[in-house]
Amino acid sequence: MTPPTSRTWSKRGNTPVIRVRGRSQRRFSIAALCCYRPGMRSRLVYRPKRHADHKSGGRKSFAWTEYRDLLVAAHQQLGAPIVLIWDNLNVHKDRRMRAFIDAHDWITAYHLPPYTPDLNPVEGIWSILRRTSQANTAFTDPDHLIRRLRHGLRQIQYRSDIIDGCLAATGLTLTTPRLQPQ
């Protein structure tokens, strides 16, 4: 991961240059759910994953089974049905994922229109994470990166006002008016 730069300095007239030694071929993924419930504090449920075998033809992202496990864990934590609003990632639309969702009455899934990351509150979480705990850090090794990711996500997780702000930034609300039949 190239270190994101939020602020830096240099002598007047000199453009600051950040040198990064090589590019790591290691790969990490994070899946997260922003959970909103009227009258309750907002929550962030996440799972980071290190992909150890992606060079030898292994998966480079979460499999549908890992998203399934995340949804089951969120359901257990929240103790309530889940209305899932997903982007159009191919794994989210996988036939096995669709079959899992259809088989469980505690989950309902809707997909955002294509190319609308501005309607996804989780995109706000990624932006905050990059600008706070990840900014101006050159990671020494993969373990350092994963520790910082977990620390940053944990800080966001305990701040429901930040999670609420990510929903507000989308322009969506918890109580949207129902469409009237025409």
Side-chain angles (χ1 to χ4, degrees), residues 1-2 4 6 27-51 54 59-135 149-150 152-182:
M1 173 182 236
T2 304
S6 65
R27 185 150 179 131
F28 296 94
S29 295
I30 307 169
L33 298 172
C34 290
C35 304
Y36 304 97
R37 190 171 175 187
M40 306 286 282
R41 77 176 181 86
S42 301
R43 291 185 173 188
L44 178 68
V45 180
Y46 64 91
R47 295 285 183 275
K49 180 182 178 180
R50 177 187 280 181
H51 303 283
H54 77 279
R59 225 178 143 76
K60 297 178 184 172
S61 63
F62 276 84
W64 80 271
T65 54
E66 292 157 328
Y67 283 107
R68 176 200 63 201
D69 297 343
L70 177 63
L71 292 171
V72 169
H75 176 62
Q76 289 173 347
Q77 276 185 7
L78 300 171
I82 294 176
V83 176
L84 187 62
I85 301 174
W86 257 347
D87 58 13
N88 288 291
L89 185 66
N90 60 356
V91 179
H92 297 170
K93 296 179 131 186
D94 187 280
R95 65 177 170 74
R96 294 165 292 184
M97 179 57 79
R98 172 80 356 226
F100 170 76
I101 291 169
D102 292 342
H104 294 86
D105 61 346
W106 51 265
I107 186 166
T108 306
Y110 297 98
H111 289 279
L112 290 171
Y115 308 107
T116 54
D118 51 325
L119 294 178
N120 190 347
V122 175
E123 296 295 336
I125 298 294
W126 302 144
S127 175
I128 291 167
L129 187 64
R130 285 187 63 86
R131 288 182 285 128
T132 56
S133 68
Q134 305 298 301
L149 283 170
R150 285 181 185 271
L153 287 166
R154 208 171 306 117
Q155 284 182 323
I156 294 170
Q157 192 175 30
Y158 294 120
R159 300 279 311 274
S160 60
D161 58 324
I162 291 175
I163 301 169
D164 290 340
C166 290
L167 179 65
T170 65
L172 302 174
T173 61
L174 287 179
T175 55
T176 55
R178 294 192 180 265
L179 294 174
Q180 299 297 323
Q182 296 183 5

If I take atom [atom1] from residue [X] and atom [atom2] from residue [Y], how far apart are they, to the nearest 0.5 angstrom?
| X | Y | atom1 | atom2 | answer |
| --- | --- | --- | --- | --- |
| His75 | Leu33 | NE2 | CG | 13.0 Å |
| Lys49 | Ser61 | NZ | OG | 8.0 Å |
| Ile125 | Leu129 | CD1 | CG | 8.5 Å |
| Met40 | Leu78 | CE | CG | 8.5 Å |
| Phe100 | Arg95 | CZ | CZ | 15.5 Å |
| Leu71 | Ile82 | CG | CD1 | 6.0 Å |

Quick one: are [X] and [Y] in side-chain contact, heavy atoms under 4.5 Å?
| X | Y | answer |
| --- | --- | --- |
| Met97 | Trp86 | yes |
| Ile128 | Cys166 | yes |
| Gln134 | Leu149 | yes |
| Tyr46 | Arg154 | yes |

Just to verify, what does Pro114 make a side-chain contact (heavy atoms from CB on, under 4.5 Å) with, not counting sequence neighbours?
Asn88

Atom of [X], atom of [Y] and distance for their closest heavy-atom approach:
| X | Y | result |
| --- | --- | --- |
| Ala32 | Leu70 | N-CD2, 4.3 Å |
| Phe62 | Pro48 | CZ-C, 4.4 Å |
| Ile101 | Ala109 | CD1-CB, 3.8 Å |
| Glu123 | Pro117 | CG-O, 3.5 Å |

Counting distance only, does the side-chain N/O of [X] pair as donor-acceptor with the main-chain N or O of [Y] below 3.5 Å?
| X | Y | answer |
| --- | --- | --- |
| His111 | Ile85 | no |
| Glu66 | Ala63 | yes |
| Arg68 | Trp64 | no |
| Thr116 | Leu112 | no |

Check the pair Leu84 / Thr108 against side-chain contact (heavy atoms from CB on, under 4.5 Å), numbers first and verdict last.
CA-CA 6 Å; Leu84 187 62; Thr108 306; over 6 Å; no

Residues passing the salt bridge (charged side-chain N to carboxylate O under 4.0 Å, His left out) test with Arg96, sequence neighbours excluded, are Asp94

Start with the C-alpha distance between Val45 and Cys35, add both sets of side-chain angles, then the distance that settles side-chain contact (heavy atoms from CB on, under 4.5 Å), and finish with yes or no.
CA-CA 7 Å; Val45 180; Cys35 304; 3.9 Å; yes

One pair to check against side-chain contact (heavy atoms from CB on, under 4.5 Å): Cys34 and Leu167. What are the steps and the verdict?
CA-CA 9 Å; Cys34 290; Leu167 179 65; over 6 Å; no

Out of Ile162, Val122, Ile156, which one pairs with Leu44 under the side-chain contact (heavy atoms from CB on, under 4.5 Å) rule?
Ile156

Working for side-chain contact (heavy atoms from CB on, under 4.5 Å), residues Arg43 and Gln77:
CA-CA 10 Å; Arg43 291 185 173 188; Gln77 276 185 7; 4.0 Å; yes

Does Arg130 make a cation-pi contact with Trp126, if we ask for NZ or CZ under 6.0 Å from the ring centre and within 45° of the axis?
no

Side chains of His92 and Asp87: donor-acceptor distance under 3.5 Å anywhere?
yes

Could you work out, with side chain to side chain donor-acceptor pair (under 3.5 Å) as the rule, every residue matching Asn120, not counting sequence neighbours?
none

